[in-house]
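Letters go in sequence order (proteins before strands), and every chain restarts at 1.
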2 protein chains.
Amino acid sequence: MKLSTLSRKQEIYRTAAKLFKEKGYSAVTMRDLAAAVGIKAASLYNHITSKQQILSEIILDIATQFTQGIDAIASQETDTITKLKAVISQHITLTADNPYGMAALNNDWMHLEGKLDRYLDLRNRYEKKFRGIILEGKESGELKEVNTEILVYSILTTLRNLYLWIPKKAELKKDELIEGLCVTLLQGVER
Amino acid sequence: MKLSTLSRKQEIYRTAAKLFKEKGYSAVTMRDLAAAVGIKAASLYNHITSKQQILSEIILDIATQFTQGIDAIASQETDTITKLKAVISQHITLTADNPYGMAALNNDWMHLEGKLDRYLDLRNRYEKKFRGIILEGKESGELKEVNTEILVYSILTTLRNLYLWIPKKAELKKDELIEGLCVTLLQGVER
DNA sequence: CTACAAAACTAACGATTGTTAGTTAGATTT
DNA sequence: AAATCTAACTAACAATCGTTAGTTTTGTAG
């Protein structure tokens with residue numbers, strides 16, 4: 001019973017994330033979600049407590065993973081390029097694991113209401129750590145003297161939007177993807 | 001009267017785009033929009049015909065500009081790097097002109113309903129032209145032999161999401177931004 | 001000053017929203 | 001067999017949605 005409850009609950013979360021990606025949080029009704037799961041809307045409430053909570057759970061779960069991951073990477077004692085490759089690799093791994101959740105995180109975070117501050121904290125912490133890695137690399141001479149903000153924006157945007165693209169290119173092996181993205185983002189494309 | 005009607009209408013469109021960026025199309029009610037403009041919801045309909053039409057107008061206007069722009073760039077008789085710089089420059093210019101509209105285009109296109117096919121046509125045409133420029137550059141040896149799809153994804157994603165970032169960094173002069181992005185995207189950051 | 005049109009208003013409509021209450025079928029435990 | 005529990009159901013709620021109808025205010029041209 002505990003097992004079946006849990007799997008039903010997780011089925012609801014997964015289905016919700018998928019619908020949120022397709023239409024956005026606000027456009028998905030509890031009746032949409034229920035139909036996709038194969039039950040009536042009221043029955044959802046035997047497993048979840050509110051629409052809000054579904055969104056919060058999806059987003060904060062992923063955001064926490066990212067923040068913990070970059071904390072670990074930033075505190076490693078290696079060169080900047082290695083750290084950047086680890087960041088890229090983490091993004092690819094977590095996105096491949098949960099592309100629908102990543103979509104919700106990117107597009108629906110502003111509907112978090114009660115958990116909004118918590119999310120923004122995690123997001124700021126992540127960005128600060130990432131910027132720290134970049135600054136370190138510029139000081140050590142490993143990175144070019146490009147405008148820091150442009151660089152941070154450019155890399156983070158590419159990584160944050162991987163969810164739009166990874167599911168469609170499943171044939172690309174993860175290792176090739178990591179390698180290809182590292183070359184493109186770090187070494188550029190101009191010969 | 002024609003003048004005041006037009007400016008009121010355009011005020012509604014601009015305000016709508018701004019609200020769409022903040023909360024997404026579905027979460028913005030006609031009462032929200034009316035309040036932001038300073039009138040009652042019913043009064044909006046003296047100027048516009050439906051919520052749908054506001055979204056369609058905002059998105060298709062920008063999408064058309066982008067497609068026309070890349071058609072012109074692709075048919076130029078210059079090297080690939082020059083064309084790519086022109087594409088980057090166009091993105092920066094159009095985004096700076098209308099960052100809220102760019103947000104709607106990126107996040108709310110799936111709510112276009114009747115005009116969805118038209119939008120997808122424009123989008124596909126744009127992507128094909130862009131991919132064509134990339135392939136040309138690889139054939140001529142101007143670009144490295146990186147996976148084409150990774151490259152197309154990486155550059156287009158960065159450019160499409162400039163709206164998230166340009167308004168906050170207004171102090172950056174446009175020329176610096178173009179130069180900085182070209183270096184970052186084309187030549188990479190690794191020394 | 002009058003006439004007319006543009007643009008605001010109030011009121012309300014039918015539909016849909018998230019959610020609650022109360023009930024029931026079926027499985028598990030005692 | 002009786003009791004309990006889980007997870008589904010139907011029905012309905014108050015609120016809010018986009019939009020329409022009808023009316024009043026406002027500004028301008030003759």
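- Taking atom CD1 of B/I39 as the reference point, atom P of C/dT10 lies 12 Å away to the nearest angstrom.
- Between the CD1 atom of B/I48 and the P atom of D/dG18 there is a distance of 10 Å, given to the nearest Å.
- Using a cut-off of 4.0 Å between Lys/Arg side-chain N and Asp/Glu carboxylate O, A/R8 and A/E11 are scored as salt-bridged.
- Atom OH in B/Y45 sits about 18 Å away from atom P in C/dC13, given to the nearest Å.
- The CD-P distance, from A/Q52 to C/dT19, rounds to 8 Å in whole Å.
- Put simply, A/S43 has a side-chain N or O that comes within less than 4.0 Å of OP1 or OP2 on D/dC9.
- Proximity of a side-chain donor or acceptor of A/K144 to a complementary backbone N or O of B/G188 within less than 3.5 Å is detected.
- Between the side chains of A/E142 and A/S140, at least one donor N or O lies within less than 3.5 Å of an accepting N or O.
- Between the side chains of B/S154 and A/T184, no donor-acceptor pair is found at a separation under 3.5 Å.
- Counting distance only, with no hydrogens placed and no angle test, the side-chain atoms of B/N46 and the base atoms of C/dA6 include no donor-acceptor pair under 3.5 Å.
- One interatomic measurement links the two molecules: NZ of A/K9 to C1' of D/dA8, which rounds to 17 Å at whole-angstrom precision.
- Remark: C1' of C/dG18 and CD of A/Q53 are 14 Å apart, rounded to the nearest angstrom.
- Residue A/K40 places none of its side-chain N or O atoms closer than 4.0 Å to OP1 or OP2 of D/dC9.
- No donor-acceptor contact under 3.5 angstrom links the side chains of A/S43 and A/N46, judged on distance only.
- To the nearest 0.5 Å, atom CG of residue B/L164 and atom OG1 of residue A/T157 are 6.5 Å apart.
- Between the CG atom of A/L44 and the C1' atom of D/dC9 there is a distance of 13 Å, rounded to whole Å.
- Applying the 4.0 Å criterion to OP1 and OP2 of D/dA8, one finds that A/H47 has a side-chain N or O inside that range.
- One atom, CG of B/L55, and another, P of D/dG18, lie 13 Å apart when rounded to the nearest Å.
- For the atom pair CG of B/D121 and CZ of B/R125, the computed distance is 8.5 Å after rounding to the nearest 0.5 Å.
- Put simply, A/R8 has no side-chain N or O that comes within less than 4.0 Å of OP1 or OP2 on D/dT6.
- Taking every heavy atom of residues 17-32 of chain B and every atom of DNA chain C, pairs under 4.0 Å involve B/R31, by number.
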